[in-house]
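Right, one structure below, let's go through it.
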Amino acid sequence: MPGSPSPTPPSGPAGPALRAWWAERPPAAGAAVMATGILSIALHLAGHEGLSRVMLALAGAGWVGLAADFVLRLVRERERWLSEASTPGGLTAVAATTVLGTRLSTLGWPVPAAALLAVAAVLWPVLLLRVMRHWTRRMPGAVFLCCVATEGLAVLAATLAAEELTEWLAHAALVLFWLGLVLYVLMLARFDPRQVTEGAGDQWVAGGALAISALAGTKLLAADSPQMYLWNVDDEHVLRTVTIALLVLALGWYAVLLVAEIVRPRPRFDVRRWATVFPMGMTAAALLSAVPALGIDWPERLGEVLLWVAVAVWLAVAVAAALAARATIGAARPR
């Protein structure tokens with residue numbers, strides 16, 4: 001108010017406060033890398049290569065930081081690591097790795113992409129089994145990360161298979177694709193439907209899991225070629241039909257969740273809001289990828305619209321995250 005004394009700004013070094021803030025980072029923060037990485041892929045598919053590479057650089061920097069923290073916690077804070085690895089948010093480590101690997105593969109960098117696939121493949125069964133052991137009857141949207149992580153492996157494996165003409169990798173991706181859909185059905189039975197109107201952001205993963213499944217389907221269809229015969233006519237027809245159905249279902253979830261956000265606004269920032277951006281970007285990427293893979297035109301215009309919606313939401317969440325981090329670090333600095 002005018003005439004009121006200005007609050008005294010915190011003094012002292014920010015380094016310890018910054019380290020303290022970072023140390024409290026939850027596993028769900030990995031969704032920030034997932035969201036940024038999938039926007040890089042979608043922007044690439046839409047032809048915006050410059051902005052796509054900026055997003056890739058941000059996602060890569062975030063992945064390096066989170067990977068280092070992942071290893072440090074495993075070595076120095078094993079009990080905490082085990083506890084966090086038992087939550088669905090722990091699977092963001094797998095999903096973020098596969099998204100980053102997929103983008104690197106589209107740049108023509110198969111070696112680092114294959115290395116990330118190997119890392120994700122090692123982490124996936126360990127983290128998935130730990131999360132499944134702690135399933136309960138009513139769970140938040142983050143539980144669908146079990147499907148997202150599995151389908152992420154399918155997307156990266158299929159992308160590499162197409163570029164390297166590796167038949168066994170394509171068939172492994174197909175197995176992961178169907179397994180991811182089975183996991184989705186199992187998780188849908190445990191998802192608390194009240195989260196649609198009450199969730200803090202990760203309820204969007206319910207739709208994002210279908211979107212990444214559709215993306216995996218398009219990558220599997222695109223992997224087939226005269227140089228590497230993969231699917232017979234019946235198999236290709238089933239895969240194509242299921243992929244289109246997944247796209248439609250993902251759009252249905254998108255509409256339901258968007259209406260729920262309008263009817264029941266939740267403007268307060270939560271780190272799980274990154275799990276809102278990821279499904280938005282993933283839906284756009286799946287639509288854009290469907291155009292060449294399925295030979296249909298209708299998803300292109302809608303995919304471009306949803307892409308810029310996702311970019312706008314990414315910017316809003318990034319600003320909110322920066323402000324929240326600044327406030328937390330400022331409050332923790334010694335006076």
Side-chain angles (χ1 to χ4, degrees), residues 24-31 34-35 73 79-96 98 123-154 175-214 216 242 245-246 248-266 268-280 282-283:
E24 295 303 316
R25 179 200 57 81
M34 294 164 56
R73 290 189 186 185
E79 289 302 319
R80 178 182 177 181
W81 187 92
L82 290 172
S83 175
E84 292 179 342
S86 300
T87 65
L91 284 165
T92 59
V94 177
T98 60
L123 290 176
W124 171 69
V126 176
L127 296 176
L128 180 64
L129 290 175
R130 287 198 64 84
V131 171
M132 291 178 68
R133 289 196 196 102
H134 293 83
W135 276 359
T136 58
R137 290 179 59 86
R138 296 287 186 178
M139 298 197 69
V143 70
F144 289 100
L145 285 167
C146 296
C147 171
V148 170
T150 306
E151 295 291 355
L153 281 170
V175 172
L176 289 166
F177 170 75
W178 292 116
L179 177 59
L181 295 183
V182 171
L183 287 171
Y184 186 89
V185 173
L186 293 175
M187 290 177 292
L188 188 61
R190 295 178 179 274
F191 175 58
D192 184 357
R194 294 173 297 183
Q195 291 292 307
V196 172
T197 55
E198 298 175 3
D202 58 350
Q203 71 276 9
W204 279 81
V205 186
L210 291 177
I212 194 173
S213 299
V242 170
L246 289 169
V248 173
L249 290 172
L251 288 171
W253 260 117
Y254 194 110
V256 169
L257 291 163
L258 184 60
V259 170
E261 293 280 4
I262 296 171
V263 173
R264 188 80 176 272
R266 283 145 279 178
R268 185 176 180 180
F269 173 74
D270 189 292
V271 70
R272 286 168 289 184
R273 270 303 175 192
W274 287 114
T276 299
V277 183
F278 172 74
M280 287 182 160
M282 181 58 72
T283 304

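Because the structure is predicted, anything quoted here is derived from the model rather than measured.
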On a heavy-atom basis, which atom in [X] and which in [Y] lie closest, and how many Å separate them?
{"X": "Pro140", "Y": "Asp202", "answer": "CB-OD2, 3.7 Å"}
{"X": "Ala142", "Y": "Pro88", "answer": "O-CB, 3.2 Å"}
{"X": "Ala154", "Y": "Ala216", "answer": "CB-CB, 4.1 Å"}
{"X": "Met282", "Y": "Ala211", "answer": "CG-CB, 3.6 Å"}

Does the side chain of [X] reach to within under 4.5 Å of the side chain of [Y], using non-hydrogen atoms?
{"X": "Leu128", "Y": "Val94", "answer": "no"}
{"X": "Val148", "Y": "Leu145", "answer": "yes"}
{"X": "Phe191", "Y": "Val205", "answer": "no"}
{"X": "Trp253", "Y": "Pro279", "answer": "no"}
{"X": "Trp204", "Y": "Tyr254", "answer": "yes"}

Suppose we screen for side-chain contact (heavy atoms from CB on, under 4.5 Å). Which residues come up paired with [X], at least two apart in sequence or across chains?
{"X": "Val277", "result": "Ala35, Leu39, Trp274, Val313, Trp314, Val317"}
{"X": "Val182", "result": "Leu186"}
{"X": "Arg264", "result": "Thr197, Glu198, Arg266"}
{"X": "Leu179", "result": "Trp124, Thr150, Leu183"}

Check: Any chance the side chains of Thr276 and Arg273 put a donor and an acceptor closer than 3.5 Å?
Finding: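 Arg273 and Thr276 do have a side-chain donor-acceptor pair below 3.5 Å.
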Look up atom [atom1] in [X] and atom [atom2] in [Y], then write down how far apart they are to the nearest 0.5 Å.
{"X": "Leu258", "Y": "Met280", "atom1": "CG", "atom2": "CE", "result": "6.0 Å"}
{"X": "Cys146", "Y": "Met187", "atom1": "SG", "atom2": "CE", "result": "5.0 Å"}
{"X": "Glu261", "Y": "Gln203", "atom1": "CD", "atom2": "CD", "result": "5.5 Å"}
{"X": "Thr283", "Y": "Ile212", "atom1": "OG1", "atom2": "CD1", "result": "10.5 Å"}

So, using side chain to side chain donor-acceptor pair (under 3.5 Å) as the criterion, who are the partners of [X] when residues are at least two apart?
{"X": "Ser213", "answer": "Glu151"}
{"X": "Gln195", "answer": "none"}
{"X": "Trp81", "answer": "none"}
{"X": "Thr98", "answer": "none"}

Notebook entry, point to check: Among pairs that include at least one residue of residues 136-149, which meet side-chain hydrogen bond (donor to acceptor under 3.5 Å, both in side chains), considering only residues two or more places apart or in two chains?
Noted result: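 Listed once each, the pairs would be none.
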Next item on the list: Quick one: list whatever passes ring pair (Phe, Tyr, Trp, His ring centres under 6.0 Å) with Tyr184, sequence neighbours left out.
Entry: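 With sequence neighbours excluded, Tyr184 shows a ring pair (Phe, Tyr, Trp, His ring centres under 6.0 Å) to Phe144, given in chain and number order.
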Next item on the list: Apply ring pair (Phe, Tyr, Trp, His ring centres under 6.0 Å) to Phe278 and list each qualifying residue two or more places apart in sequence or on a separate chain.
Entry: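 Phe278 satisfies ring pair (Phe, Tyr, Trp, His ring centres under 6.0 Å) with no other residue.
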Next item on the list: Would you check if the side chain of Thr87 reaches a backbone N or O of Ser83 as a donor-acceptor pair within less than 3.5 Å?
Entry: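 Looks like no, no N/O pair under 3.5 Å.
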Item checked: salt bridge (charged side-chain N to carboxylate O under 4.0 Å, His left out) partners of Arg130, counting only residues at least two apart ->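 Partners of Arg130 by the salt bridge (charged side-chain N to carboxylate O under 4.0 Å, His left out) criterion come out as none, since no residue qualifies.
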